[in-house]
Amino acid sequence: MNERYDPKSLESRWQRKWEESKTFRVTEDLSKKKYYCLEMFPYPSGRIHMGHVRNYAIGDVIARYKRMRGFNVLHPMGWDAFGLPAENAAIKHNIHPSKWTLENIAFMRDTQLKRMGLSYDWDREIATCLPEYYRWNQWIFLKMFERGLAYKKRSYVNWCPSCQTVLANEQVEAGLCWRCSAVVVHKELEQWFFKITAYAEELLADCDRLTGWPERVLTMQRNWIGKSVGVEVDFIVADTGEKLTIFTTRQDTLFGVTFMSIAPEHPMIEALIRGRSEAGTAREFVQRVMREDKAERTDEKREKEGVFTGAYAVNPLNGDKVPIWVANFVLMEYGTGAIMAVPAHDQRDFEFAKKYNIPIRVVIQSAEKNLDAAAMNEAYVNDGTMINSGPFDGISNVEGKEKVVDHIEKKKIGKRTVNWRLRDWGVSRQRYWGTPIPIIYCPECGMVPVPEQDLPVKLPMDIELTGKGLSPLAEAASFVQVSCPTCGGLARRETDTMDTFVDSSWYFLRYCSPKEGKAPFDKQAASYWMGVDQYIGGIEHAVLHLLYARFFTKVIRDLGLFDGDEPFNNLLTQGMVIKDGAKMSKSKGNAVDPDFIMNKYGADTARIFSLFAAPPERDLEWSDQGVEGAYRFLHRVWAFVARHAEALKSVKPASDTARGDALFRKTHLTIKKVTEDIERQFQFNTAIAAMMELVNEMYAQTADNAPDERLPVIRAVVESLTLLLAPFAPHFAEEVWEAIGGAGSIANASWPEYDAEAIKESEVTIVVQVNGKVRSKITLPAGVSGKEVEAAALADLKVREYTDGKPPKKVIVVQGKLVNVVV
RNA sequence: GCGAGAGUGGCGGAACUGGCAGACGCGCCAGACUUAGGAUCUGGUGGGCAACCGUGGGGGUUCAAAUCCCCCCUCUCGCACCA
């Protein structure tokens, strides 16, 4: 064994060995307990960044640890390979997206990920841009189409003018595109949707079963799904007699309605204003609001504005005629696009009424203060007693809510309804580098699904990407023109492609049988491996990917392909890697290149540092000196082993006979601590700290040249430490393992068990407090009684000094830990 | 505004059910080996001369509080006119 630790040559040597002997290949084995460890697969942008390093290091420790604990571990890797950057690169550098993507994958796999020493079964690698994969996107799409879960509709959608495509609601953040931050505009288009709302109730309810997920992710999903229980009520438009249906959760305030507000997109507007003197101003207002982009429309600070339509509606409960307004804050997408306005009890309506001098009528009286409409300066939104509400006067509004809805349902003027914030998932993208939607439009037969045997609908390779004009596929005549599968006549293909989030919504199932040719995946294999026991990735997918994947899993279950309700049993959301207080990014110029770190210190150091500097869920502040520290730690272990390696080869490790030895004891305490830290929410930082303590102890306890009789203990420490290090610094551990004559690859070795006898103490140090302050420490044999501890404490000189000879009022003894003498 | 999480040395962070605050690492200081040290090893390192004081601030419960309760402040993230 070399004196110097030289990670470079050592690491590549072990990587070759693992690859040649297929150390990490797995197959289903019913005799073993399985463990599915998965990190979110990357987009092949060309280079990995520190966030990836951290993500995969965390996953790899878990996978390797579970292997050593005897699990049959599935730990796969692949590529989320469709997406816009490939297309942009194509336009900019005149390279085909396919070529660009596959080259990136090769580089990232062979020269970056493999150099990290990750324990993947590379035989299971998948790339979503390959027809073998995306044909199953198309197949699932067709199954969903058959069941009405994929459908086409014309609607207002989010359009990103920079990406030149439509975005799903989940992909719009504060009015901006999630990818490029361009301002998103509303556009009316015909688009494909997945009916995720059909699963809203189950997606919400099952959040309660995801006990292995962080609470904040569940909260975000619950908020996003946004269940709201209320009532739909039909108002009748005066003169025309048309129904204007509104949604409300405050039916207890129905008697306080003094006007109505409808969304500018509401389909009844034309009918309401036609022929009235207000028509002109109303149309002008509607057009002005609709021209605004999403960011402007949804800005909360934005002033509430509206115009009167000239029409009136009749309140079905009290017969009042109230004016109908068009208001800029009413959303067509939510509820019915029309609301009843109760200024006394809703802040938005209150502001609106004040602005336009609309009457305010109090119908809920507060218990604390007497509300007077004229004197109010904000809406009263709390509970109270119903007044001015005809038959409901005098009862509490909480009770009133039920009574009013019962009354409404009995009179058939409305019904209980549940409204969701969640909208159907818009999956059409007007881009090239994605899965073609397998639909054909025939002038005779209409919309015809591509027959299953014709799948995959392959992306044409001879295509010109200009970044201008229509969707690229729409301009590829050879792709568009097709004969109708039903009548054989001339027909046209759908030219939109699928959102790339479709690809990642079921890839975890594909890993179970990645080469399966007859179905998206093999049912047997999936039932063995699924669900994912530990999923690891960034918090940024809290609603996007993680919600879609849950939805797909349920759909796939209902298609009869798989028996499971949820894909990910446990979720770990790792924190960001930051430097100088900001997220690492190229644009901020604070990015640290993983290749540079791995070249200089080796992969094991990079792994140790990123696991040691912070617990996994928290943000990790990058520190160049911290990396040095991680390297120094490995070096220290190396130097120690190198000193003894030759002698240790022929020595058997100490066992129970060494139980009295302090270093032997520390070793077993460390095994215990590291094991517990990994098991307890993957606290790798403290696990590594414990190993560092052991190393410090190793040096301290063998400061003088160790006599031969200590070699068995040294052998035991080194052996255990190497095993403990194996998941964290795998190349290093293999090398040391080999040097001390360990059998086979350490990746296949068993995780050490601690000797419960060895960690027992013969003596305990007990802290002695006087009035809660530490005054002394006494050492007593382990297992002494409380009485003896008390006596020893009272006899202590320091205690006598502080108690001044006075008798104690009370003495508290905490077994084996502490005594508190109260005077 | 609503929801979630977090405030501990110069820094990253420890402290499982209330029981020695600051493990471990970085940085810093001193020493050793050295022509030299940015290498390595050893020791020290919350503040204060001290009694003591110290976990964002203020109250409280307790023999004992970073940990439990109440009030307040700050920061981060998510949602944000959802009727």
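Per chain, numbering begins at 1; letters A, B, ... match sequence-line order.
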*Asks:* Say you pick atom P in B:rG38 and the same atom in B:rG31; how far apart are they, in whole Å?
*Replies:*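 Rounded to whole Å, the distance is 13 Å.
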*Asks:* Counting only side-chain nitrogens and oxygens, does A:R216 get under 4.0 Å of the OP1 or OP2 atom of B:rC79?
*Replies:*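 So the side chain of A:R216 is outside the cut-off, no N or O lying under 4.0 Å from OP1 or OP2 of B:rC79.
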*Asks:* So does A:R348 get a side-chain nitrogen or oxygen closer than 4.0 Å to the phosphate oxygens (OP1/OP2) of B:rG1?
*Replies:*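 For A:R348, the contact criterion (side-chain N or O under 4.0 Å from OP1 or OP2 of B:rG1) is not met.
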*Asks:* I'd like to know if A:N223 reaches the base of B:rC79 with its side chain such that a donor and an acceptor end up less than 3.5 angstrom apart.
*Replies:* no
*Asks:* Provide, to the nearest angstrom, the distance between the CZ atom belonging to A:R643 and the C1' atom belonging to B:rU40.
*Replies:*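 Rounded to the whole Å, the gap is 11 Å.
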*Asks:* Counting only side-chain heavy atoms from C-beta out, which of B:rC77, B:rA83, B:rU42 sits nearest to A:L331?
*Replies:*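 The nucleotide sitting nearest to the side chain is B:rA83.
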*Asks:* Looking across every strand, which nucleic acid part, if any, lies under 4.0 Å from A:V330 by heavy atom: base, sugar-phosphate, or nothing?
*Replies:*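 Counting heavy atoms under 4.0 Å across all strands, the contact made by A:V330 includes a base.
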*Asks:* Could you please name the option among B:rC20, B:rA83, B:rG25 that lies closest to any side-chain atom of A:M692?
*Replies:*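 Of the candidates, B:rG25 comes closest.
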*Asks:* One thing to verify: whether A:E201 and A:K227 come together as a salt bridge, which I'm taking to mean a side-chain N less than 4.0 angstrom from a carboxylate O.
*Replies:* yes
*Asks:* Can you tell me, in whole Å, how much space there is between the P of B:rA51 and that of B:rU42?
*Replies:*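 Each nucleotide's P atom is 32 Å from the other's.
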*Asks:* Let me know the distance between CD of A:E540 and P of B:rC79, rounded to the nearest Å.
*Replies:* 12 Å
*Asks:* Quick one: is A:K672 getting a side-chain N or O under 4.0 Å of the B:rC16 phosphate, OP1 or OP2?
*Replies:* no
*Asks:* Determine the contact category for A:R680: base if any of its heavy atoms lies under 4.0 Å from a base atom, sugar-phosphate if only primed atoms, P, OP1 or OP2 are that close, otherwise nothing.
*Replies:* sugar-phosphate
*Asks:* Mind telling me whether B:rG9 is syn or anti, cutoff 90° either side of 0?
*Replies:* syn
*Asks:* B:rG25 and B:rU74: how far apart are their C1' atoms, nearest whole angstrom?
*Replies:*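 Per the computed distance, 28 Å lies between those C1' atoms.
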*Asks:* Given that A:A630 and A:Q683 both sit by RNA chain B, which one's nearest nucleotide is further toward the 5' end?
*Replies:*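 Its nearest nucleotide lies further toward 5', so the answer is A:Q683.
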*Asks:* Taking the nucleotide of RNA chain B with the closest heavy atom to each, which residue, A:E173 or A:M340, is nearer the 5' end?
*Replies:* A:E173
*Asks:* Quick one, A:Q574 with A:R618, criterion side chain to side chain donor-acceptor pair (under 3.5 Å). Give me CA distance, side-chain angles, the key distance, then yes/no.
*Replies:* CA-CA 7 Å; A:Q574 107 250 9; A:R618 259 205 261 179; over 6 Å; no
*Asks:* Are A:D677 and A:K673 within salt-bridge range, i.e. N to O under 4.0 Å?
*Replies:*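 Between A:K673 and A:D677 there is a salt bridge, with a charged N closer than 4.0 Å to a carboxylate O.
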*Asks:* For A:N685, which contact category applies under a 4.0 Å heavy-atom criterion: base, sugar-phosphate, or nothing?
*Replies:* sugar-phosphate
*Asks:* Applying a 4.0 Å non-hydrogen cut-off, can you work out what A:N696 is touching in the nucleic acid: base, sugar-phosphate, or nothing?
*Replies:*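 Counting heavy atoms under 4.0 Å across all strands, the contact made by A:N696 is with sugar-phosphate only.
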*Asks:* Could you work out which one of B:rC63, B:rU40, B:rA80 sits closest to the side chain of A:R632?
*Replies:* B:rU40
*Asks:* In whole angstrom, give me the gap between the C1' atoms of B:rC24 and B:rA15.
*Replies:*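 The same atom, C1', in both gives a distance of 12 Å.
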*Asks:* Which nucleotide, if any, forms a Watson-Crick or G-U wobble pair with B:rC41, using both distances under 3.5 Å?
*Replies:* B:rG31
*Asks:* Mind checking if A:V814 touches a base, just sugar-phosphate, or nothing, with heavy atoms under 4.0 Å?
*Replies:*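 Base, at least one base atom sits under 4.0 Å.
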*Asks:* Would you measure the distance from the P atom in B:rG44 across to the matching atom in B:rC77 and give it in whole Å?
*Replies:* 41 Å
*Asks:* Using a heavy-atom cut-off of 4.0 Å across all strands, would you classify A:P214 as base, sugar-phosphate, or nothing?
*Replies:*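 Nothing: the residue A:P214, judged by heavy atoms under 4.0 Å, touches no strand.
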*Asks:* Could you tell me if A:R421 sits above the aromatic ring of A:Y334, with its cationic atom closer than 6.0 Å to the ring centre and no more than 45 degrees from the axis?
*Replies:* no
*Asks:* What does B:rA14 pair with, Watson-Crick or G-U, if both distances are under 3.5 Å?
*Replies:*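 Across all strands, not a single nucleotide pairs with B:rA14.
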*Asks:* The test is side chain to side chain contact (heavy atoms under 4.5 Å, CB included); show your working for A:M50 and A:V53 and say whether it passes.
*Replies:* CA-CA 5 Å; A:M50 277 302 168; A:V53 171; 4.1 Å; yes
*Asks:* Among B:rC63, B:rU42, B:rA80, which nucleotide has an atom closest to any side-chain atom of A:V822?
*Replies:* B:rC63
*Asks:* May I ask you to say what A:Q769 touches in the nucleic acid, namely base, sugar-phosphate or nothing, with a heavy-atom cut-off under 4.0 Å?
*Replies:* base
*Asks:* The test is side chain to side chain contact (heavy atoms under 4.5 Å, CB included); show your working for A:F501 and A:Q171 and say whether it passes.
*Replies:* CA-CA 10 Å; A:F501 279 100; A:Q171 293 155 20; 3.1 Å; yes
*Asks:* Just compare B:rA23, B:rG19, B:rA83 and give me whichever is closest to any side-chain atom of A:Y334.
*Replies:*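 Closest of the options to the side chain of A:Y334: B:rA83.
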*Asks:* Select base, sugar-phosphate, or nothing to describe what A:N419 touches, counting heavy atoms under 4.0 Å on all strands.
*Replies:* nothing
*Asks:* Would you mind pulling out the nucleotide paired to B:rA50, Watson-Crick or G-U wobble, both distances under 3.5 Å?
*Replies:*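 Paired with B:rA50, as far as the under-3.5 Å criterion goes, is no nucleotide at all.
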*Asks:* Provide the distance between the two P atoms, one in B:rA6 and one in B:rU67, to the nearest whole Å.
*Replies:* 13 Å
*Asks:* Among B:rA14, B:rA83, B:rA4, find the nucleotide with the atom closest to the side chain of A:P615.
*Replies:* B:rA14
*Asks:* Establish, yes or no, whether a centroid distance under 6.0 Å links the rings of A:F732 and A:W638.
*Replies:* yes
*Asks:* Is the shortest side-chain N to carboxylate O distance from A:K672 to A:E676 below 4.0 Å?
*Replies:*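 Yes, this pair counts.
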*Asks:* Write down the partner of B:rU55 under the Watson-Crick or G-U wobble criteria, each distance required to be under 3.5 Å.
*Replies:*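 Per the H-bond distance test, none.
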*Asks:* With heavy atoms under 4.0 Å as the rule, sort A:K809 into base, sugar-phosphate or nothing.
*Replies:*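 Since no nucleic acid heavy atom lies under 4.0 Å of A:K809, the category is nothing.
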*Asks:* Between the side chains of A:D320 and A:N315, does any donor sit under 3.5 Å from an acceptor?
*Replies:*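 No pair is found: no donor N or O on one side chain lies under 3.5 Å from an acceptor on the other.
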*Asks:* In the strands shown, is B:rG9 matched to any nucleotide by a Watson-Crick or G-U wobble pair with both distances under 3.5 Å, and which?
*Replies:* none
*Asks:* Under 4.0 Å, counting only non-hydrogen atoms across every strand here, what does A:R4 touch: a base, just sugar-phosphate, or nothing?
*Replies:* nothing
*Asks:* Quick one: A:Q815 CD to B:rG19 P, roughly how many Å, whole number?
*Replies:* 16 Å
*Asks:* Take A:E788 and A:S785 through the test side chain to side chain donor-acceptor pair (under 3.5 Å) and record every step on the way to the result.
*Replies:* CA-CA 5 Å; A:E788 290 170 280; A:S785 69; 2.9 Å; yes
*Asks:* Which whole number of Å gives the distance between the C1' atom of B:rG46 and that of B:rG59?
*Replies:*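 Those two atoms are separated by 26 Å.
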*Asks:* Looking for any heavy atom pair under 4.0 Å, which part of the strands does A:E693 touch: base, sugar-phosphate only, or nothing?
*Replies:*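 Sugar-phosphate only.
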*Asks:* So, does A:R618 get its side chain near the phosphate of B:rA14, meaning an N or O under 4.0 Å from OP1 or OP2?
*Replies:*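 For B:rA14, OP1 or OP2 has a side-chain N or O of A:R618 closer than 4.0 Å.
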*Asks:* Measure CG/A:L547 against C1'/B:rC79 and give the value in whole Å, please.
*Replies:* 14 Å
*Asks:* A:F612 side chain: which of B:rC24, B:rA80, B:rC77 is closest?
*Replies:* B:rC24
*Asks:* Can you tell me the pairing partner of B:rG22 across any strand shown, Watson-Crick or G-U wobble, with both distances under 3.5 angstrom?
*Replies:*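 Partner of B:rG22: none.
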*Asks:* Could you check how far CD1 of A:I778 sits from P of B:rC20, rounded to whole Å?
*Replies:* 15 Å
*Asks:* Any N or O donor-acceptor pair linking the side chain of A:K817 to the base of B:rC20 at under 3.5 Å?
*Replies:*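 No.
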*Asks:* Applying a 3.5 Å limit to both distances, which nucleotide forms a Watson-Crick or G-U wobble pair with B:rA4?
*Replies:*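 Its partner is B:rU76 (Watson-Crick or G-U wobble, both distances under 3.5 Å).
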*Asks:* How many Å lie between CH2 on A:W213 and C1' on B:rG78, as a whole number?
*Replies:*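 Computing the A:W213:CH2 to B:rG78:C1' distance gives 15 Å.
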*Asks:* When the C1' atoms of B:rC63 and B:rC16 are compared, how many Å lie between them, rounded to an integer?
*Replies:*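 The same atom, C1', in both gives a distance of 23 Å.
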*Asks:* Give A:G629 one of three labels, base, sugar-phosphate or nothing, depending on what nucleic acid heavy atoms sit under 4.0 Å from its own.
*Replies:* sugar-phosphate
*Asks:* Choosing from B:rA83, B:rC26, B:rA80, which nucleotide comes nearest the side chain of A:R421?
*Replies:* B:rA80
